[in-house]
Every structure is written in C-alpha cells, then in structure tokens.
Amino acid sequence: MYNVMSPRAEEFISDEEIQSSLSYAEQNKNNREVIERILEKASEMKGISHKEAITLLDCEIEDLNERIYQLAEAIKQEFYGNRVVMFAPLYLSNYCINGCKYCPYHLKNKNITRKKLTQEDIVREVTALQDMGHKRLALEAGEDPVNNPIEYILESIRTIYSIKHKNGAIRRVNVNIAATSVENYKKLKEAGIGTYILFQETYNKKSYEDLHPTGPKSDYAYHTEAMDRAREAGIDDMGIGVLFGLNNYRYDFTGIIMHAEHMEAFGGVGPHTISVPRVRKADDIDPDVFDNGISDDTFAKIVACLRIAVPYTGMIISTRESQKSRERALHLGISQISGGSKTSVGGYADEEKPDENSAQFDISDNRSLDEVVQWLMKLGYAPSFCTACYREGRTGDRFMTLLKNKQIINCCHPNALMTLKEYLEDYASEETKKIGEKLIEKELEKIPNETVRKKAAEYIANIHEGKRDFRF
C-alpha cells in the first residue's frame with residue numbers, strides 16, 4: 001500500500017502506485033484538458049505530484065510540450081537565476097565488495113586497476129584541485145569495510161579541510177558513499193560534510209535486486225531508506241538521483257519524485273539536490289546491455305519535468321554528459337555542474353599510465369575548469385564557487401526558506417559574484433578574466449537590495465586588493 005509517511009521503502013515507493021501513475025499518464029498523454037490543468041497548477045511554481053509530473057513527461061501534444069519547456073526555464077530563472085554552482089568529484093578508492101552489474105568497481109572485475117589514496121595522495125590531489133580553482137568537492141568511494149572504512153572517510157575529510165595552498169581552500173566537502181548506519185551518519189555530520197549524496201540507481205525493486213546480486217548494496221530497503229537514517233543523524237542536506245538507462249525511465253522518473261515527496265513529508269524538507277546521470281561506457285560492462293538508454297530529447301524533457309515537479313531542489317549534471325547536452329539541460333533546470341572532472345583514483349595530480357585504468361566511467365565533457373567557466377559566462381551564466389550557506393548554517397529547511405522566499409538574488413547571487421571574482425583573480429586565463437569582469441559588473445546591477453548591492457561591490461573591490469572569503 002502507498003503511504004508517503006511510511007518509513008518502509010516499499011510503502012513510500014509503492015510499485016502499485018507507480019504502475020497506477022504510469023497507466024494514468026499513458027491514458028492522458030494526448031488529453032489537452034488534463035495536461036493544461038496540470039500546467040496551470042505548475043505555473044504557480046510550488047511543485048506538482050508524481051502522477052502529474054509523469055503525465056507531463058508523457059505528453060505528446062506539441063504546443064503543450066513547448067509550454068512545458070518554457071515553464072521549466074521560467075522556474076529555473078525565478079528561483080536560481082543565472083547562477084550555476086561549480087564542483088568536482090574526488091575519487092578516494094575504487095575498492096568495492098558489491099556486485100553491481102553496471103559498475104566497473106564490482107568485486108569480480110579483474111581488469112580494473114584497484115587504487116586507494118593515502119592521506120599524502122589526498123594532499124596532492126586536493127592541491128591540484130585548488131590550483132584549478134575548485135572550492136567544493138564531492139567525495140566518491142567504493143563500499144569496502146576493510147579498505148574504505150568510515151574511519152578512512154572521516155580522516156580524508158579532515159585532511160581535505162586542512163589543506164591551504166596559496167589562496168586555495170576546499171570550503172565544502174559533499175560525500176557520496178554507500179548507505180550506512182545512523183551512528184556513521186552522525187560521524188559524517190560531526191566531520192562537517194556538506195551534502196550527503198546517495199543514488200538509488202533504480203526504484204524498481206525487482207530490477208534493483210537483479211542489478212545488485214551480491215554485497216551490502218543488494219539490500220533494497222536498507223539502501224532506499226538511507227536518507228531517513230541520515231536525517232535522524234542530523235544531516236539536513238541530502239542529494240538523491242537515479243541512473244537513467246538501467247531501468248524503464250518512466251518508472252524511475254516517477255520513483256524519484258515520490259522519494260522527494262517522502263523526504264518532504266516524513267523528514268520535513270525535500271532533497272537538497274537531484275542528480276540525473278545516464279549510464280556511460282565503462283570497463284568490464286557489456287555495452288549492449290547498458291547504454292544511455294534514452295535519447296537526448298527524452299533526457300532534456302526529464303530535466304524540464306523534474307524542474308517543474310520540484311522547483312526548490314537543486315539539480316546536478318556531471319561530465320558524463322556532452323557539452324551540447326549540458327547546455328540544453330542548463331536552460332531547463334540544472335543549477336550545479338562539474339568542471340575539469342576526473343573519475344579515476346588519483347587522476348588530478350597525475351595522468352594514469354597507459355596500462356592502468358581506475359576510472360568509474362567515461363567522461364563526455366573533457367574541458368578544463370577554465371574552459372567550462374568561460375563557456376558558462378559566454379552563455380550568460382554566473383559560475384559560482386560559493387559555499388556560504390553551508391558555512392553560515394543555512395542548510396536544510398533554512399536554505400529552503402531562503403529559496404522559497406525568492407531571496408537567492410539578494411544572498412546567493414552576490415556570493416556567487418564574489419567567489420567568481422576570487423576565481424578570476426587567482427586562477428583564470430586572461431580571456432576568461434576579461435569576460436568575467438564584464439559579467440560581474442553587469443550582474444551586480446541585478447541585485448535589487450541596494451545595501452547588499454553596494455556591500456557586494458565593496459567586497460569585490462577588496463578581493464581585487466588581495467582579500468578573500470567574503471560572504472553574506
């Protein structure tokens with residue numbers, strides 16, 4: 001039985017409810033009256049239900065599809081403006097005891113080079129990332145209680161926060177590790193993590209169990225209920241996602257919105273972020289079984305309909321996607337992207353040798369961070385390296401209140417411009433710096449609060465004089 005308030009995975013992600021929603025959407029995909037009614041509700045920019053969202057995704061009426069895209073763009077602009085948050089993944093270890101069929105880290109893969117960073121390696125990696133200009137990282141590690149115990153993750157976080165190189169510092173460490181216990185989530189909270197990230201991969205229980213035949217990750221309920229344990233431990237910024245291409249995309253699209261609804265109802269605040277990765281080619285993974293699974297057009301519509309369904313949630317796209325795909329998705333709702341990413345263990349400080357391969361998947365966007373920043377600015381976006389809300393305690397429902405009251409423009413936007421100024425002064429190429437200075441001057445005028453606008457301009461001038469780390 002479906003129950004959004006239930007602590008049990010099979011009740012808040014009810015297969016019966018998903019099947020019913022898919023059936024409803026199929027029946028109404030050409031019903032103009034129904035779809036227009038959903039769009040009218042969605043135009044209030046307060047979100048729509050999973051059943052309404054899948055109906056928009058299935059819509060086959062051309063002019064209404066155009067309205068869906070226009071509304072997604074309007075919602076993105078209303079709540080997030082043209083600010084785009086930058087981050088990079090940092091792979092600590094690819095040792096893993098799970099048997100996930102789509103991931104090259106699986107235990108039986110004897111082709112991949114197994115690696116684990118020492119704390120000295122982490123210093124070198126983070127120094128390289130700081131020299132690029134990054135301020136926030138997403139830690140990644142396989143599940144292995146011997147090689148990657150929670151103590152190793154905690155020590156790594158402490159090391160990362162301790163590294164100060166030139167003007168560089170990692171100010172926010174997000175963590176993407178396997179589902180764990182309340183006790184371990186409390187330890188992560190105490191270590192000062194930003195967002196705890198965990199991808200569901202697929203919400204279809206039968207498919208999930210087939211794709212995860214061995215290892216701790218094979219426990220569907222334990223994995224799916226992880227966010228509730230993290231909330232119990234005091235973590236209030238959490239990121240969810242599915243891996244599109246593993247299972248029927250309509251099913252997983254509906255499931256991830258249901259998960260967001262459950263987090264809001266059961267825990268008091270929805271997900272901080274939703275990620276939308278597609279399956280990529282990887283070592284020891286059959287390309288005929290796992291490919292992207294969905295077309296670029298379908299992918300773009302998924303992004304648009306997610307933005308409409310969860311207007312307050314940040315959305316992430318990684319370098320799995322091409323430049324073209326990322327550009328389209330940015331217009332439709334994406335608010336965070338990675339740049340200059342490496343998915344290999346130790347890939348930032350050193351290039352891997354030809355006979356080594358520790359990467360989790362192939363990257364489609366291989367541009368440097370500077371190239372990505374310049375590209376974003378040419379498109380009219382303001383790249384942001386901001387971590388102010390995390391460090392000022394504006395997390396969970398406090399950040400959502402800021403967002404729902406549409407105060408991003410008076411808080412996050414000036415913070416974005418100040419961190420962009422830091423990047424331009426310390427790391428940017430001359431061409432990127434020239435484009436960025438003009439953009440900052442233009443974007444400052446968009447800040448409606450006069451006091452904030454003047455203070456931001458003052459801080460930016462101070463940054464030019466060598467001072468750092470201003471924030472609202």
Side-chain angles (χ1 to χ4, degrees), residues 2 4 17-18 20-83 203 240-242 244 249-265 269-276 294 297-317 328-336 399-409:
Y2 174 55
V4 71
E17 174 65 19
I18 293 180
S20 174
S21 298
L22 297 182
S23 177
Y24 177 85
E26 177 69 23
Q27 293 168 12
N28 288 284
K29 63 185 180 183
N30 289 299
N31 188 325
R32 180 175 290 273
E33 182 181 352
V34 167
I35 295 169
E36 286 185 334
R37 188 165 62 243
I38 296 172
L39 282 170
E40 183 177 353
K41 176 183 175 181
S43 67
E44 297 175 6
M45 301 188 182
K46 295 180 180 179
I48 57 176
S49 72
H50 57 272
K51 181 178 287 187
E52 292 165 331
I54 184 60
T55 304
L56 292 188
L57 185 63
D58 279 4
C59 173
E60 293 183 344
I61 304 172
E62 189 172 342
D63 64 302
L64 295 184
N65 278 333
E66 186 57 37
R67 283 177 58 186
I68 289 170
Y69 289 122
Q70 290 172 356
L71 179 58
E73 289 194 51
I75 290 172
K76 161 76 185 300
Q77 188 63 35
E78 184 75 13
F79 291 106
Y80 285 91
N82 63 341
R83 182 183 61 101
Y203 285 95
I240 59 176
V242 293
F244 286 104
Y249 74 86
R250 297 171 67 241
Y251 192 105
D252 286 331
F253 172 87
T254 308
I256 201 167
I257 297 174
M258 289 173 70
H259 199 172
E261 291 168 343
H262 167 73
M263 291 172 68
E264 178 87 37
V269 63
H272 186 68
T273 58
I274 289 179
S275 297
V276 287
I294 53 175
D297 286 343
T298 298
F299 180 69
K301 197 173 183 188
I302 285 172
V303 171
C305 291
L306 279 172
R307 174 47 66 216
I308 291 169
V310 286
Y312 313 127
T313 298
M315 291 178 62
I316 300 175
I317 193 168
R328 188 176 182 186
L330 278 165
H331 292 305
L332 298 173
I334 295 297
S335 57
Q336 293 189 28
F399 175 76
M400 286 299 173
T401 297
L402 182 76
L403 190 64
K404 292 177 181 179
N405 290 333
K406 302 177 183 178
Q407 287 302 304
I408 289 286
I409 193 67

Distance in Å, L56 CG paired with L39 CG, rounded so as to fall on 0.5 Å steps: 5.0 Å
Validation row: I316, I274 side chains within 4.5 angstrom (heavy atoms): no
Which residues share a side chain to side chain contact (heavy atoms under 4.5 Å, CB included) with E62, sequence neighbours left out: none
Side chains of L403 and Y80 in contact at under 4.5 Å (non-hydrogen atoms): yes
Side-chain donor or acceptor of T313 paired with backbone N/O of P271 under 3.5 Å: yes
R250: side-chain hydrogen bond (donor to acceptor under 3.5 Å, both in side chains) partners, not counting sequence neighbours: D58
side-chain hydrogen bond (donor to acceptor under 3.5 Å, both in side chains) against S20, all qualifying residues, sequence neighbours excluded: none
Beyond-backbone contact of R37 with V34, side-chain heavy atoms, under 4.5 angstrom: yes
Contacts of E73 that satisfy salt bridge (charged side-chain N to carboxylate O under 4.0 Å, His left out) - sequence neighbours left out: none
Sub-4.5 Å side-chain heavy-atom contact between R307 and Y69: no
I240 side chain reached by S275 side chain, heavy atoms, under 4.5 Å: no
Check: T55 main-chain N/O paired with Y24 side-chain donor or acceptor under 3.5 Å: no
Rounded distance (nearest 0.5 Å) linking atom CD1 of I294 with atom CZ of F299: 6.5 Å
Residues forming a side chain to side chain contact (heavy atoms under 4.5 Å, CB included) with S21, sequence neighbours excluded: E17, H50, K51, I54, T254
Nearest-0.5 Å distance, CG of residue N405 to CE of residue M400: 12.5 Å
Distance in Å, L64 CG paired with Q70 CD, rounded so as to fall on 0.5 Å steps: 11.0 Å
Stepwise side chain to side chain contact (heavy atoms under 4.5 Å, CB included) check, Y249 with V242: CA-CA 9 Å; Y249 74 86; V242 293; over 6 Å; no
Evaluation steps, side chain to side chain contact (heavy atoms under 4.5 Å, CB included), between Q336 and T273: CA-CA 9 Å; Q336 293 189 28; T273 58; 3.6 Å; yes
Spacing of CD belonging to E66 relative to CG belonging to D63, to within rounding of 0.5 Å: 9.0 Å
Results of side chain to side chain contact (heavy atoms under 4.5 Å, CB included) for A74 - residues two or more places apart only: M45
side-chain hydrogen bond (donor to acceptor under 3.5 Å, both in side chains) partners for R328, two or more places apart: D297
Shortest non-hydrogen contact between V303 and A329, atoms and distance: CG1-O, 3.9 Å
Main-chain N/O of C59 paired with K301 side-chain donor or acceptor, under 3.5 Å: yes
Residues that T298 engages under side-chain hydrogen bond (donor to acceptor under 3.5 Å, both in side chains), provided they are two or more places apart: S295
Minimum heavy-atom distance A309-A53, with the two atoms named: CB-CB, 3.9 Å
Main-chain N/O of S49 paired with E52 side-chain donor or acceptor, under 3.5 Å: yes
Partners meeting side chain to side chain contact (heavy atoms under 4.5 Å, CB included) with E44 (sequence neighbours left out): none
Any side-chain donor near an acceptor of the partner, K76 and N82, under 3.5 Å: no
Side chains of V276 and I334 in contact at under 4.5 Å (non-hydrogen atoms): yes
Identified side-chain contact (heavy atoms from CB on, under 4.5 Å) counterpart of I256 within the set I302, L306, V310: L306
Partners meeting salt bridge (charged side-chain N to carboxylate O under 4.0 Å, His left out) with R83 (sequence neighbours left out): none
Exercise: identify the closest heavy-atom pair between L332 and A300: CD1-O, 3.4 Å
Flag side-chain contact, heavy atom, 4.5 Å: L71 against R67: no
Partner set under ring-ring contact (aromatic ring centres under 6.0 Å, His included) for Y312, not counting sequence neighbours: F79
Residues forming a salt bridge (charged side-chain N to carboxylate O under 4.0 Å, His left out) with K29, sequence neighbours excluded: E26, E60
Interatomic distance, E261 atom CD to I48 atom CD1 [nearest 0.5 angstrom]: 9.5 Å
